[in-house]
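Remarks on the structure that follows.
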Amino acid sequence: MASRFNPKAADARWQKTWDDAQTFAADNAAAKPKSYVLEMFPYPSGRIHMGHVRNYTMGDVLARFKRMTGHEVLHPMGWDAFGMPAENAAMEKKVHPGEWTRANIAAMRDQLKRLGFALDWSRELATCEPDYYGQEQALFLDLFEAGLVYRKESAVNWDPVDMTVLANEQVIDGKGWRSGATVERRKLSQWFLKITDFAEDLLSGLGELDQWPDKVKLMQENWIGKSRGLRFRFKLSQPVTGQTNLQVFTTRPDTIFGASFVAVAADHPLAAAVAENSAEAQRFVAQCQSGGTSAADIESAEKLGFDTGLTVAHPFQPEWELPVYIANFVLMDYGTGAIFGVPAHDQRDMDFARKYDLPVRRVVADGDDSEAEFAGDEAWSGEGTLVNSRFLDGMTIEAAKAAVIERAEEEGWGEGTTEWRLRDWGVSRQRYWGTPIPIIHCEECGPVGVPKDQLPVVLPEDIDFETPGNPLDRHPTWKHVDCPQCGEPARRETDTLDTFVDSSWYFIRFASQPDDAPFDRAEAEAWLPVGQYIGGVEHAILHLLYARFWTRALNRMGMLDVKEPFAGLFTQGMVTHETYQAGDGSWLSPGEVTKDGEDWVAIEGGEPVTPGRVEKMSKSKKNTVDPDPIIDQYGADAVRWFMLSDSPPERDLPWSEAGIEGAWRFVQRLWRLIDGNQPGEGEDKALDRKLHQTIAGVAEDIEDLSFNKAVAKIHELANAIEKADASASRDAAVRILVRLVAPMAPHLAEEGWAQFGEQGLVADAQWPEADPALLVEDEVTIAVQINGKLRDTLSVAKGAGKADLESLALASDKIMRQLDGAEPKKIIVVPDRLVNIVA
RNA sequence: GCGGACGUGGCGGAACUGGUAGACGCUGCAGACUUAAAAUCUGUUUCCCGUAAGGGAGUGCGGGUUCGAUUCCCGCCGUCCGCACCA
């Protein structure tokens, strides 16, 4: 009688065994091919959620599989441990951010360990510890010396009550999310990293990332936003504050003869100059600046302008004057903050021209319509031929662009340029719980880097969160230091670094973590780039772009011979669960509702409940499932199995009770196969074939990260084994099955491995080898179709000749009946596949 | 608005390069074992007609290419995601 697999006992036992043996510690000096498998490290919020479980399970399967296929695997784990929630907790619960964070890390580490991940815990790191952020400070100073760090005034969202800077997403309807105070735009001196220096390289580098999802590459491409165009100067009819020219940027220099106005942004210096002398202009500028910046605001915002009364001269015809407007739809921080409007070929300009009754001249002919007078309100921005444009007439858009740029450059009033949407990376945060920026401000010497032998600049522990504002700034002593250069009293920088800096190089520190340097070059290069990086698509742009930038910066400084940090990237889907909403709009957890006939009602009170959509698990929608009790009940392997089953990993995985129970049943079924295995005699060719096809198929699917398909293939094999009679083949299949499930259900596999008296650990075992001779069937099923419709199937030896297949097909009873004596018009035979009779 | 992805049974999904649509799992239904339940096992589960043999329809909708289309092409519809007045 087969026993039951008892995960409670087995999980802990094997986890301890792996731990004691340091099974998953990566050897930097190993001679084997190296494989670096990494999942995005978590923020230590306090609890692991199902999304983490799914993410880390995927990486774990790959890591374990790589070990079994002869690789030395680096699969580390750490904590993205700086950031706002710790400060919020400090304010709300009166607990020090460090204490809160470290307690969370301890709790989450325990949770992760219960899932039996093949992690090298000896390399664990937390970004909030001085041994990590001190090395980050060293790197920051290297960047500073290399001229990749600079300081400039920049506008931030300032909460006047909390006295802190808010991220854009913390500003809701113009108010601070916590204080509710109206957020001000304030100029602060901030530190920036010169990511724009690498714009071209970050863009072209995408081309080599053939193991990244196209979607992510496209998002990065759009974010970087390269556009070629012409930057040129209009001559102003009269000088304004000494300026005689107005510089504009356009990507459509070809439409220059369709221009009917010029517009500048509300915060353009020209607008400010006009506002000096006009109360009306001043009002208009103020109105533009107060406008909301949310997506909805922008979409609904009407195109508004203010006629300055100024004009500029058309570059190709000085007496042709264009009016200059201040317009609310022109952005100061793109291009030059000034544009020329071509209503016929740009919708925004069209809207504006129709409102202010400006000319709309056609300069690109769409088809045969070449009238200068443009009717309608829909601008034409498609392809066409230039018309009404003098020397450009008849040219294509591309040729005309080149011609105008050439003339501008010849005549010296403009030049072809490239503009980027990408901005430099502002890294200053006016907060406590982050990496202190290792700079000292001296009256005499300016900003001076902290000498490296004085690193780390450690956060003070004795801080209070009673009063709003940056605790570092109001700490009584911390910021007062002497200038390292001249020795005079000076002031420490009290801003800390954006936490995206912490995650921009942690994967390097995992590969190599000496005490006295950020990393050892040779060790880091031995592992990098990360072979497979797995995480959520929400990091598709910022984190991944910053990490690519940081790696390039190290490369440029000669510190690392790697430019792309992540060779392979995979973005996994979310774990979702159904939602339920009561009549008053409040959310109910799935455990609080039940089905009454066709309708859903609350268990408590029986109120009717509306089933909502299946959505990402979130506390606010009350549809989360805590992994801990699930692991208690079903064990790590069943949870892991469910995370891998059914849904393709890039898609969302709907959590369900039935699903986890199905996984649990299968784990038990596997155990019954193993435990109840009987030696047998003789071979079972069909089973041998199924086994070897599964060995090859599962390996392929895992390499492909198609875990759902690998799971399905293992199910098929298990079904086949169960149906098979005892034989030597069956015995062998069960023994090999143990290794096939080892990456997914490692505890069960170890148990089975031990049961069969194998040496060592299955975690160290070799992946079974598939016999190529057994991968192909010797008998195939041939479809016989009439006019493409299946009418019969034939079982024939593989490789049967066309003529044989044809005559076999025609001899079939069913086919003869269908044809009813009619002569086939044509017969198509695809060997080993089908015969299609055209009647 | 721009860009992208997706659309297959009651559900999650599978299907190689254009070649038997629905693998595998979940759910449901019927049955076996059991005093009973749990657990387990067997059968069945795309829809329609038919007792059956069998036939017909079918991969969002409409067309096209082809001996043959879930797969390729054109046009719609829907859902989701990203960006968003970027000149």
Side-chain angles (χ1 to χ4, degrees), chain A residues 2 4 213-223 225-227 229-230 248-253 255 263 265 293-299 301-303 327-331 333-342 345-349 351-352 381 419-422 537-538 540-541 576 613-614 641-642 645-648 650-654 656-663 665-666 668-669 672 706 708-719 722 781-794 814 817 824-830 832-839:
Chain A
R4 263 185 146 204
D214 289 340
K215 173 192 160 106
V216 173
K217 286 190 278 189
L218 193 69
M219 279 163 75
Q220 293 218 349
E221 191 182 319
N222 292 339
W223 188 263
K226 179 181 184 175
S227 49
L230 172 68
V248 299
F249 173 73
T250 179
T251 56
R252 292 296 301 273
T255 62
T293 52
S294 78
D297 290 338
I298 289 166
E299 187 151 15
E302 199 182 354
K303 304 275 178 290
N328 66 347
F329 68 94
V330 179
L331 303 175
D333 59 2
Y334 187 79
T336 63
I339 60 145
F340 70 85
V342 184
H345 304 293
D346 183 292
Q347 193 56 48
R348 292 159 302 181
D349 298 346
D351 296 344
F352 193 80
S381 53
E419 290 292 326
W420 303 87
R421 208 187 82 106
L422 184 69
V537 72
E538 65 272 19
I541 299 178
T576 59
R613 297 191 344 188
V614 174
W641 195 267
F642 177 54
S645 304
D646 295 351
S647 290
E650 69 278 10
R651 284 205 220 165
D652 289 351
L653 170 73
S656 76
E657 200 66 26
I660 180 70
E661 272 171 15
R665 273 200 301 273
F666 188 70
Q668 291 300 339
R669 233 176 104 198
R672 282 196 300 275
S706 296
N708 58 321
K709 293 197 226 164
V711 163
K713 288 193 173 92
I714 288 173
H715 268 283
E716 285 188 54
L717 177 62
N719 291 346
E722 276 178 351
T781 308
I782 301 286
V784 184
Q785 303 176 328
I786 295 178
N787 295 332
K789 265 189 206 312
L790 182 70
R791 293 299 175 187
D792 198 5
T793 56
L794 301 170
K814 288 178 183 167
R817 203 175 332 130
K825 291 201 184 83
K826 188 175 175 185
I827 298 176
I828 287 122
V829 181
V830 183
D832 295 338
R833 289 226 180 256
L834 59 67
V835 178
N836 188 15
I837 299 162
V838 185

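Chain A is the first sequence line, chain B the second, and so forth, proteins listed ahead of strands; every chain is numbered from 1. Keep in mind the model is a prediction, meaning the values are calculated, not measured.
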inquiry  = Could you tell me how far B/A87 sits from B/A5 if I compare only their C1' atoms? Round to whole Å.
reply    = 28 Å
query = So what does A/V248 hit on the nucleic acid, given a heavy-atom distance under 4.0 Å: a base, only sugar-phosphate, or nothing?
reply = nothing
query = So what does A/L218 touch, heavy atoms closer than 4.0 Å: a base, only the sugar-phosphate, or nothing?
reply = sugar-phosphate
query = Quick one: side chain to side chain contact (heavy atoms under 4.5 Å, CB included) partners of A/R421, sequence neighbours excluded?
reply = A/W223
remark   = Rounded to whole Å, CD1 of A/I837 lies from P of B/G68 at a distance of 15 Å
request  = Would you mind pulling out the nucleotide paired to B/C2, Watson-Crick or G-U wobble, both distances under 3.5 Å?
outcome  = B/G82
query = Can you tell me how far P in B/G12 sits from the matching atom in B/C83, rounded to whole Å?
reply = 27 Å
key: Which residue lies more 5' along RNA chain B, comparing A/T251 with A/W223 via nearest heavy atoms   = A/W223
note = Expected string for nucleotides 51-57 of chain B under the B/S/- scheme (protein heavy atoms, under 4.0 Å, primed atoms plus P, OP1, OP2 as sugar-phosphate) is ----SSS
ask   = Is B/G58 in the syn or the anti form, by the rule that syn lies within 90° of 0?
value = anti
key: Among B/A87, B/A39, B/G3, the nucleotide that comes nearest once only the side chain of A/R4 is considered   = B/A39
ask   = Which whole number of Å gives the distance between the C1' atom of B/U40 and that of B/G58?
value = 37 Å
Separation between the C1' atoms of B/A14 and B/G7, rounded to whole Å = 16 Å
inquiry  = Checking base pairs now: Watson-Crick or wobble, both atom distances under 3.5 Å. What partners B/C26?
reply    = B/G10
query = Which residues satisfy the side chain to side chain contact (heavy atoms under 4.5 Å, CB included) test with A/E650, sequence neighbours excluded?
reply = A/F570, A/P648
Rounded distance in Å between the C1' positions of B/G50 and B/U34 = 39 Å
ask   = With rounding to whole Å, what would you report as the distance between B/G54 and B/C61 at their P atoms?
value = 29 Å
inquiry  = Suppose you measure atom C1' in B/A84 against the same atom in B/A69; what distance do you get, rounded to whole Å?
reply    = 38 Å
query = Partners of A/D346 by side chain to side chain contact (heavy atoms under 4.5 Å, CB included), sequence neighbours excluded?
reply = A/R348, A/D349
query = How does protein contact run along nucleotides 5-32 of chain B, one letter per nucleotide 5' to 3', with B for base contact, S for sugar-phosphate only, - for none, heavy atoms under 4.0 Å?
reply = -------BSSSB--BB--BSSSS-----
message = Between B/U17 and B/G68, how many Å separate the two C1' atoms, rounded to a whole number?
response = 16 Å
task = Identify, with sequence neighbours excluded, every residue that meets ring pair (Phe, Tyr, Trp, His ring centres under 6.0 Å) alongside A/F666.
result = A/W641, A/H715
